[in-house]
Amino acid sequence: QVQTVESGGGLVQAGGSLRLSCAASGLAFSSYAMGWFRRAPGKDREFVSSINWSGDTTYYADSVKGRFTISRDNAKNTVYLQMNSLKPEDTAIYYCAVGGTSRAASDYAKYDFWGQGTQVTVSS
């Protein structure tokens, strides 16, 4: 049974930083791409970032490019999202997802398993 557990969310002032973690279990973690998505109040789910199985290919939404960094530690079955220079518009529930293949993708339909999410709130 595949499970993903996100952590690291919280309340931070604009300009601050947070590091999200997502621990996965029940799968051959190093074989799959991983992604981060978010859903802000009243808005649709939005792609944030993704990383391929080895970590050498990453994608970012334009809205977070240059501020967020995705990485993974296959020995720990964990993917991270370092978020710097946070803005109030980054406020959302952030979800970690397991890709259906080893290739990174921005399409949420290419992800098979989702975590429960972690709340990130950025105050102005």
Side-chain angles (χ1 to χ4, degrees):
Q1 180 178 349
V2 177
Q3 287 188 321
T4 59
V5 179
E6 300 96 333
S7 62
L11 174 63
V12 64
Q13 289 188 331
S17 298
L18 284 173
R19 188 195 196 202
L20 305 184
S21 299
C22 171
S25 61
L27 78 166
F29 181 79
S30 61
S31 297
Y32 297 98
M34 297 294 294
W36 286 97
F37 293 77
R38 67 187 181 187
R39 187 189 298 272
K43 295 187 176 181
D44 292 334
R45 176 171 39 191
E46 175 188 25
F47 167 74
V48 176
S49 183
S50 62
I51 188 167
N52 74 332
W53 69 277
S54 64
D56 61 4
T57 299
T58 58
Y59 297 122
Y60 296 93
D62 287 344
S63 59
V64 307
K65 203 170 293 183
R67 300 187 297 122
F68 290 11
T69 302
I70 191 171
S71 61
R72 65 189 296 159
D73 185 337
N74 286 342
K76 295 182 178 180
N77 285 14
T78 301
V79 63
Y80 305 97
L81 186 68
Q82 178 67 45
M83 306 186 296
N84 299 328
S85 302
L86 282 162
K87 304 175 181 180
E89 50 264 44
D90 294 318
T91 295
I93 300 174
Y94 284 71
Y95 299 92
C96 163
V98 180
T101 72
S102 61
R103 299 178 66 179
S106 60
D107 181 355
Y108 73 88
K110 295 187 182 296
Y111 291 83
D112 294 335
F113 299 99
W114 296 78
Q116 294 299 307
T118 184
Q119 177 71 49
V120 171
T121 303
V122 185
S123 63
S124 57

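Only this structure's heavy atoms are used, side chains among them; waters, hydrogens and symmetry mates stay out. Along the sequence shown, the residues carry numbers beginning at 1. Source: prediction; values computed, not measured.
Taking both residues in full, the closest heavy atoms of Ile93 and Gln119 are given as CG1-OE1, 3.3 Å, listed atom of the first, atom of the second, then distance. Smallest separation of non-hydrogen atoms from Arg72 and Ser54: CD-C, 4.5 Å. Across Ser85 and Arg67, no two heavy atoms sit closer than the pair O-NH1, 3.0 Å. The minimum heavy-atom distance between Ala61 and Phe47, with the atom names listed, is CB-O, 3.3 Å. When all heavy atoms of Cys22 and Met34 are compared, the pair lying nearest together is SG-CE, 4.2 Å. Nearest heavy atoms, Ala40 versus Thr91: CB-O, 3.6 Å.
At least one donor-acceptor pair under 3.5 Å links the side chain of Ser49 to the backbone N or O of Tyr59. Using modelled atom types, one side-chain atom of Tyr111 and one backbone atom of Ala105 make a donor-acceptor pair closer than 3.5 Å. Here the side chain of Asn77 pairs no donor or acceptor atom with the backbone of Phe29 at under 3.5 angstrom. Judged by distance alone, the side chain of Thr121 and the main-chain N or O of Leu11 form no donor-acceptor pair under 3.5 Å. A donor-acceptor contact shorter than 3.5 Å links the side chain of Glu6 to the backbone of Gly117.
Side-chain heavy atoms closer than 4.5 Å link hydrophobic residues (I, L, V, M, F, W, Y) into clusters, and following such links, possibly through other members, connects Phe113 to Val48. Linking ILVMFWY side-chain heavy atoms closer than 4.5 Å, directly or via other members, places Val64 and Val120 in a single hydrophobic cluster. Hydrophobic cluster membership differs between Ile70 and Phe37, with clusters built from Ile, Leu, Val, Met, Phe, Trp and Tyr side chains linked at under 4.5 angstrom. Clustering ILVMFWY residues whenever any of their side-chain heavy atoms sit less than 4.5 angstrom apart, transitively, puts Leu86 in the very cluster that holds Tyr60. In the hydrophobic clustering of this structure, Leu27 groups with Val79; members are Ile, Leu, Val, Met, Phe, Trp, Tyr whose side-chain heavy atoms approach within less than 4.5 Å, directly or through other members.
For the atom pair Tyr95 OH and Gln116 CD, the distance stands at 8.0 Å (nearest 0.5 Å). For the atom pair OG1 of Thr118 and CG of Leu81, the computed distance is 11.0 Å after rounding to the nearest 0.5 Å. We find the CD-CG distance between Gln82 and Leu20 to be 9.0 Å, quoted to the nearest 0.5 Å. Note that NZ of Lys110 is 11.0 Å distant from OG of Ser50, once rounded to the nearest 0.5 Å. Residue Ser124 holds its OG atom at 10.0 Å from CD of Glu89, rounded to the nearest 0.5 Å.
Using cut-offs of 30° and 60° on the angle between ring planes, the pair Tyr94 and Phe68 is tilted.
Using a 4.5 Å cut-off on side-chain heavy atoms (C-beta onward), Arg45 and Trp114 make contact.
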